[in-house]
Peer 1: 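This is the structure I have questions about; it appears just below.
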2 protein chains.
Amino acid sequence: MTVSRALNGSNSVSAATREKIMSAVEELGYVLDLSAGALSSQKTGFISVLIPSFNNSNFSETVQGISESLASEGKQILVGYTGYSQQREEQLIDTMLQRRPEGMILTGGEHTARACQTLKKTSVPVIEIWDMPAQPIHHLVGFSNAAMIEDMVARLVFRGYRRIAFIGGDESGDFRSIDRRRGYERAIETLGLPKAHVVPLGAPPISIRHGGPAIVRLMQEWPEAEAVICVSDLCAIGAIMECHRQKWDVPSRLAVAGFGDFEISRYSFPTLTTVSVNCTEIGLQTGNLMLRATGKTTTMNSLLPQRLVIPHSIIEREST
Amino acid sequence: MTVSRALNGSNSVSAATREKIMSAVEELGYVLDLSAGALSSQKTGFISVLIPSFNNSNFSETVQGISESLASEGKQILVGYTGYSQQREEQLIDTMLQRRPEGMILTGGEHTARACQTLKKTSVPVIEIWDMPAQPIHHLVGFSNAAMIEDMVARLVFRGYRRIAFIGGDESGDFRSIDRRRGYERAIETLGLPKAHVVPLGAPPISIRHGGPAIVRLMQEWPEAEAVICVSDLCAIGAIMECHRQKWDVPSRLAVAGFGDFEISRYSFPTLTTVSVNCTEIGLQTGNLMLRATGKTTTMNSLLPQRLVIPHSIIEREST
DNA sequence: CTGTTAGCGCTTTCAC
DNA sequence: GTGAAAGCGCTAACAG
């Protein structure tokens, strides 16, 4: 028991004893077993994080942010990637729960019915991030994808563009894309613009390779387009590269805007106008909220459902 | 005991009993506790993975590969990022070991002396990936960064370039960069080229933003340069963007090559010549090796140190 | 095919 | 400031 106290930094161990313990630890190469500790104390120190994919700098930055803020209290992250599939998410939730995480962080607000049920039955706090579902399971840290695109349309209109198209947002799986597309359509209507024109993309993950073909198709279908908003920066960069190739000047022939403020958007030529979402910030905030949610609240009084909205901003650069 | 067997898929449970158990599980919302199981069976099902950063698609693809191949045996990954710091790596190793992972995967072959000691004392198999240290701790899955750059120089020479520069490789921390730079210098000498010219970059992570300034500096210092190899694709893309801006045609004024075959390199304009390293493959191979290393080998006969070399290839595109 | 016993390595709780 | 007792939830080993 004294060893346990010494190793866990409790101060009710005399300096002399602590010294003796530490030198024995050193000599024996003793390493504390947290699994056993978890079993006994009923605290695993794990927080589960589910993201659609590692290969998206937005999500990996978010994870890095979460990881950083949790590390301060010695919590470990258990990451899983769903591959944008709700089925896989459901399955992962079950697996994760077997590790007895103290909290669960999910990307997005759309889950299978069974997953929702499982999560509600569980006593661990759940935080959904990135989206803004109307009825979150518990806590929420995110932003409205629709509102952000609306802002972007408004900004383009303010700059004098009228014929504005949108690339992205198919009807399968990626609810973030669909939400963004809805924002676009709503804005076109609200602002009284002549016409909405959407070039849909296939299933996620959306990437650079999708941009080129999409912009070519747009120019065939609606040659009068003056500006286009892409569902993600990667797609926008692909589009711009194709414009170089086709010798369509950006922005004079066609203005291009993206979403996500990926690093490349600051260094591309032309630099890319985009919606900045500050992923590290979302991660840090989520981590901090999780610490509050899992902290020692008086048994009855668990943290009331929180709804944090992370501010976004439109960043105008050379491409518009 | 019968419940345990039923839930772990052992087949020595009658169909009737299993049925009864499953319906009780469903009704009670019972979830197996793997922590307790781990304590009892001395198998945690964890594999630790340490990478320098999540925000590098090479590393995240590798992790995804590892994760996939381990999932087939129900192993969970415990990821930590070192931020390119050996100190942090040492500390992370200690933390990870407290979770009793069945194996440990490290990125790179350079560690603090204490970390090496700790790892050698541990009985868990260690796999170092990405680099080719002369004296690996245990197993190795990687490629020689130096050899790959040598190949690239040779290819450029074969295409008729003679005055070839290199961007990257400072002396602090990122041993992969340094290794690549050495490969460059060796190749220049071996192939009898007129001169080696290196534009060093600062500490990692190296990214798109470093490319522009570096290429400008190169053109000031050595205007006769015909081609340049960048330490990473991101840096090369940054350089190409700056060339657009400066109206230096790529490749006729200056050919540019990268390293890593990031997705953007296939869709940039011009598309980028690069060294392809197949990160998913390295991940899958590493995962499989780990399964063999942790598998039930006859007690005495643990797996002999393996040294897997993942083949690389030079991919020539428009930029050279 | 099913069940009993013991114990994994720690922490909680209580006693001194 | 230190220690004894008990038990966290599971599985290994053995018995029937």
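Letters go in sequence order (proteins before strands), and every chain restarts at 1.
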Peer 1: Taking the side chain of A:Asp33 as its heavy atoms from C-beta onward, which of C:dC1, C:dG9, D:dT2 lies nearest to it?
Peer 2: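 From the listed options, C:dG9 comes nearest.
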Peer 1: Between A:Leu28 (CG) and C:dG9 (P), how many Å, whole number?
Peer 2: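 For the pair A:Leu28 CG and C:dG9 P, the rounded distance is 14 Å.
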Peer 1: Could you pick out which residue, B:Arg18 or B:Arg100, lies toward the 5' side of DNA chain C when each is mapped onto its nearest nucleotide?
Peer 2: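 Closest to the 5' end, via its nearest nucleotide, is B:Arg18.
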Peer 1: Could you check how far NZ of A:Lys43 sits from P of C:dG9, rounded to whole Å?
Peer 2: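 From A:Lys43 NZ to C:dG9 P: 22 Å.
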Peer 1: Using side chain to side chain donor-acceptor pair (under 3.5 Å) as the criterion, point out the one residue from A:His111, A:His139, A:His138 that pairs with A:Glu128.
Peer 2: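 Considering A:His111, A:His139, A:His138, a side chain to side chain donor-acceptor pair (under 3.5 Å) with A:Glu128 is found only for A:His111.
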Peer 1: Using only side-chain N and O atoms of B:Ser41, determine if any of them is under 4.0 Å from OP1 or OP2 of C:dC8.
Peer 2: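 For C:dC8, neither OP1 nor OP2 has a side-chain N or O of B:Ser41 closer than 4.0 Å.
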Peer 1: Taking for each residue the nucleotide of DNA chain D with the nearest heavy atom, is it B:Leu34 or B:Arg5 whose nucleotide lies nearer the 5' end?
Peer 2: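 The residue mapped nearer the 5' terminus is B:Leu34.
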Peer 1: Measure from CD on B:Gln98 to C1' on C:dC8 and round the result to the nearest Å.
Peer 2: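 It is 18 Å, rounded to the nearest whole Å.
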Peer 1: Taking A:Gln76's backbone N and O only, do any of them form a donor-acceptor pair with B:Arg99's side chain (distance below 3.5 Å, no angle check)?
Peer 2: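 Here the side-chain-to-backbone pair does not exist.
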Peer 1: Where the side chain of A:Asn8 is defined as all heavy atoms beyond and including C-beta, which of C:dT11, C:dG9, C:dT2 is the nearest nucleotide?
Peer 2: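 Looking only at heavy atoms from C-beta outward on A:Asn8, the closest nucleotide is C:dT11.
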Peer 1: Any side-chain N or O of B:Gln42 below 4.0 angstrom from OP1/OP2 of C:dG9?
Peer 2: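 For C:dG9, OP1 or OP2 has a side-chain N or O of B:Gln42 closer than 4.0 Å.
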Peer 1: In whole angstrom, give the distance that lies between atom CG of A:Leu7 and atom C1' of C:dT11.
Peer 2: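 That distance rounds to 13 Å.
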Peer 1: Going by side-chain contact (heavy atoms from CB on, under 4.5 Å), A:Met104 matches just one of A:Leu97, A:Thr122, A:Ile47, A:Leu78. Which one?
Peer 2: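 Looking at A:Leu97, A:Thr122, A:Ile47, A:Leu78, the match for A:Met104 under the side-chain contact (heavy atoms from CB on, under 4.5 Å) is A:Leu97.
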Peer 1: From the list C:dT11, C:dT2, D:dT11, which nucleotide is the closest neighbour of the side chain of A:Met1?
Peer 2: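 The answer is C:dT11, which lies nearest to the side chain.
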Peer 1: Please figure out whether B:Ala36 or B:Ser12 has its closest DNA chain C nucleotide nearer the 5' end.
Peer 2: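 Between the two, 5'-proximity favours B:Ser12.
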Peer 1: D:dG9, D:dT2, C:dG3: which one has an atom nearest the side-chain heavy atoms of A:Leu39?
Peer 2: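 Nearest to the side-chain atoms of A:Leu39, counting from C-beta on, is D:dG9.
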Peer 1: May I ask you to decide if A:Val63's main-chain N or O and A:Ser67's side chain share a donor-acceptor pair within less than 3.5 Å?
Peer 2: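 No.
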Peer 1: Any side-chain N or O of B:Ser35 below 4.0 angstrom from OP1/OP2 of D:dG9?
Peer 2: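 Checking D:dG9 against B:Ser35, no side-chain N or O comes under 4.0 Å of OP1 or OP2.
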Peer 1: With sugar-phosphate meaning primed atoms plus P, OP1 and OP2, does A:Ser14 contact a base, only sugar-phosphate, or nothing at under 4.0 Å between heavy atoms?
Peer 2: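 Sugar-phosphate, backbone atoms only, no base.
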Peer 1: Tell me, please, whether A:Tyr81 has A:Arg88 positioned over its six-membered ring: NZ or CZ under 6.0 Å from the ring centre and within 45 degrees of its axis?
Peer 2: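 Yes, A:Arg88 and A:Tyr81 form such a contact.
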Peer 1: Whole-Å distance between D:dC10 C1' and A:Arg99 CZ?
Peer 2: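 Taking atom C1' of D:dC10 as the reference, CZ of A:Arg99 is at 13 Å.
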Peer 1: Under 4.0 Å: is that the gap between some side-chain N or O of B:Thr2 and OP1 or OP2 of C:dG3?
Peer 2: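 Indeed, a polar side-chain atom of B:Thr2 lies that close.
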Peer 1: Counting only side-chain nitrogens and oxygens, does B:Thr17 get under 4.0 Å of the OP1 or OP2 atom of C:dT2?
Peer 2: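 For C:dT2, OP1/OP2 do have a side-chain N/O of B:Thr17 under 4.0 Å.
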Peer 1: If you check the A:Ser40 side chain, which of C:dT2, D:dT11, C:dC10 turns out closest?
Peer 2: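 My answer, after comparing the listed nucleotides, is C:dC10.
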Peer 1: Over how many whole Å does the gap from B:Tyr30 atom OH to D:dG9 atom P extend?
Peer 2: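 Distance check: B:Tyr30 OH to D:dG9 P gives 9 Å.
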